[in-house]
Amino acid sequence: MGHEEYPRSVNFGPPRRFGSVFGSKVKETFFPDDPFRQFKTEPSAGRRALKALQYFIPILEWLPNYSLSFFKYDLLAGITIASLAIPQGISYANLAQLPPIIGLYSSFVPPLLYAIFGTSKHLAVGTVAACSLLIAETIEEKAPPSTELYVSLVFTATLFAGIFQTALGVLRLGILVDFLSHSTITGFMGGTAVLIILQQMKGLLGLKHFTHRTGVVSVISSIIDNRNEFNWKCVIIGIGFLIFLQLTRFVKKLKSNLFWVSAIGPMVVVVTGCLIAYFFGPKLGISTVGHLKKGINQFSANRLIFDSKYVFAPLKAGIITGLIALTEGIAIGRSFALSTNDQIDGNKEMIAYGVMNIVGSLTSCYLTTGPFSKTAVNFNAGCKTAMANVVQSVCMLMVLLFLAPLFSHTPHVALAAIIISAMLGLIKYKKAYHLFKTDKFDFVICMSAFFGVSFISMDMGLIISVGLALVRAMLYMARPGTCKLGNIPNSNLYRDVEQYPGLIAHAGFLILQLGSPIYFANGTYIKERILRWVRDENDSANSVQDIEYVLLDLVGVTAIDHTGVEALLEVRKTLENKGIK
């Protein structure tokens, strides 16, 4: 390949050293956001140390500039989300088959920690339905619900979730969260919502006996088998509560400035339910959550269990729910940050979630993240900073110290109506239909999660869906897109002949575009595909003359390994044997 034969040879610069190439790759893999850029311009060590503290503890960055004008908005938002946290905390603790007071504890300590370590201005911290049900489904394999052992294993699962989340953040392995695709999350949440709605039939129908399994078939069978226990008074009250809650959601959609109507809806249901149960409970046969004692969170480090006989269940529950909580919380935080042009640091968020769940497990809390409903209310209430979470914690402290016993009359039928109303919003049938119209494989991934969760189990549904998503990713890698290019008339542009009919093909030339890196996984396929393009072109009835030149457009080839180089050399040798350059 001398200058005589190729007068326009490429002028390569000196090759980069291995160390610099390796360092560049590591930086792009683990530090794509360049977190150290803010330290480079600081002249003194003291300023660099302060910047480092502000980087790892974000509250030190925004608190010195905090003003009273911000606080009046955060105060309103914090009180609003606290009013939502009380019924949701009791409801989701009931879903996780935990004492209701633990649901209130979980809205006291974790929000304080998120305000210190979190980066989102709008995220409101609390428990979520999907993780509550998944924890219950996994832990009850090792211990009967509502026992001391069961509660201890839930605290242990929360600890494992926090350690896992913190490790992902410290090691900057947020890339793992990306393996839960949007299609997987949509299907998983929809399937979980169906399970949760069916689980609430026990409270809505006033049943005394019910299955502990979560599958659709088991729950429907249990409802049919116990149909003689239906309490029609409970059903009427529950449907009334459900209609009221749905009307408040409709009002919020109709007029966004009336968001508070939807926010206080669950609290109105709880208060009304408490009054009905207190005055008419025995006559109506309505069951309640039972005694709620006053006082703040108890220290629970001594309740953690690491016995090999039990530890696998909380470890499994911790890792799965920790990953789901991260994915959901970060996605929600980023979606609200976009509306105000803010930035969310994913790795800092992982550390913040991890810290609040580790400390939460030591203070009688179970898994928390950023629920969409509370975050939406917080955003619509006009919150300016994470101080709204601090206000929520203070309000919950007041409730725990003085008001907790008042909620002991909360009827199960009211909690069932609150949970069902929340879950109806998680079944995104319009989004599933959009996936069907735009990407059939994504639709299959979504439906595999939905039906897997509904009819097999929550963890198997997630595994099947993630597995299909990984198969799709591998297909993209192993079978990259290639296309034949043609010239757009009266221009210097070349495009895919299948997408742009009427393009001009140059006689004797075959121009191919390769659309991905070439490496061991696809090298053989690319070699065979190029040769097949040549063969098909020569056999084509529209071909004016046989191919003399094959031109490869490698704009999409960002990398090539040794196997890829060997594949291209083999292609060149094969084509030369056929007289093609």
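This structure is a prediction, so every number in the text was calculated from the model and none was measured.
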Practice prompt. Can you sort out the partners of Y278 under ring pair (Phe, Tyr, Trp, His ring centres under 6.0 Å), two or more places apart, ordered by chain and number?
Written response: H409

Worksheet item: In terms of heavy-atom contacts, does NZ of K253 have more than 12 from other residues, nucleotides or ligands at under 6.0 Å?
Response: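 Check fails, neighbour count at 12 or below.
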
Worksheet item: Should the heavy atoms of other residues, nucleotides or ligands under 6.0 Å from CZ of F312 be counted, would the total exceed 12?
Response: no

Main-chain N/O of [Y] paired to [X] side chain as donor or acceptor, under 3.5 Å:
X    : Y    : value
Q88  : T127 : no
Y114 : S120 : yes
S361 : I358 : yes
T119 : I344 : no
N522 : M477 : yes
T410 : C274 : no
S421 : A417 : no
N231 : I286 : no
T186 : C446 : no
D345 : K348 : yes

Fill in: Charged N-O contact under 4.0 Å between R472 and D439
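Answer for the salt bridge query: yes.
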
Item to complete: Of all the heavy-atom pairs spanning I420 and M201, show the shortest one and how long it is.
Response: CD1-CE, 3.8 Å

Discussion item. Looking at every heavy atom in both A193 and M423, which two are closest together, and how far apart are they?
Written reply: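 Nearest pair, atom of A193 first, then M423: CB-O, 3.6 Å.
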
Fill in: All side-chain contact (heavy atoms from CB on, under 4.5 Å) counterparts of F520, not counting sequence neighbours
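Testing F520 for side-chain contact (heavy atoms from CB on, under 4.5 Å), a comparison that skips the adjacent residues, returns D561, T563.
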
Discussion item. Taking the six-membered ring of Y433 as reference, does the cationic atom of K431 (NZ for Lys, CZ for Arg) lie under 6.0 Å from its centre and within 45° of its axis?
Written reply: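 Judged by the rule (NZ or CZ under 6.0 Å from the ring centre, within 45° of its axis), K431 is not positioned above Y433.
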
Worksheet item: Pairs in or reaching into residues 190-204: which pass side-chain hydrogen bond (donor to acceptor under 3.5 Å, both in side chains), with residues at least two apart or in two chains?
Response: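 Non-adjacent pairs meeting side-chain hydrogen bond (donor to acceptor under 3.5 Å, both in side chains): zero.
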
Worksheet item: Relative to each other, are the rings of F379 and H122 parallel, tilted or perpendicular (30° and 60° limits)?
Response: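 Plane angle over 60°, so perpendicular.
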
Item to complete: Could you label the plane-to-plane angle of the F230 and W232 rings as parallel, tilted or perpendicular, counting under 30° as parallel and over 60° as perpendicular?
Response: perpendicular

Worksheet item: Under the side-chain hydrogen bond (donor to acceptor under 3.5 Å, both in side chains) criterion, do S516 and Y476 qualify, and how do the steps go?
Response: CA-CA 9 Å; S516 81; Y476 279 141; over 6 Å; no

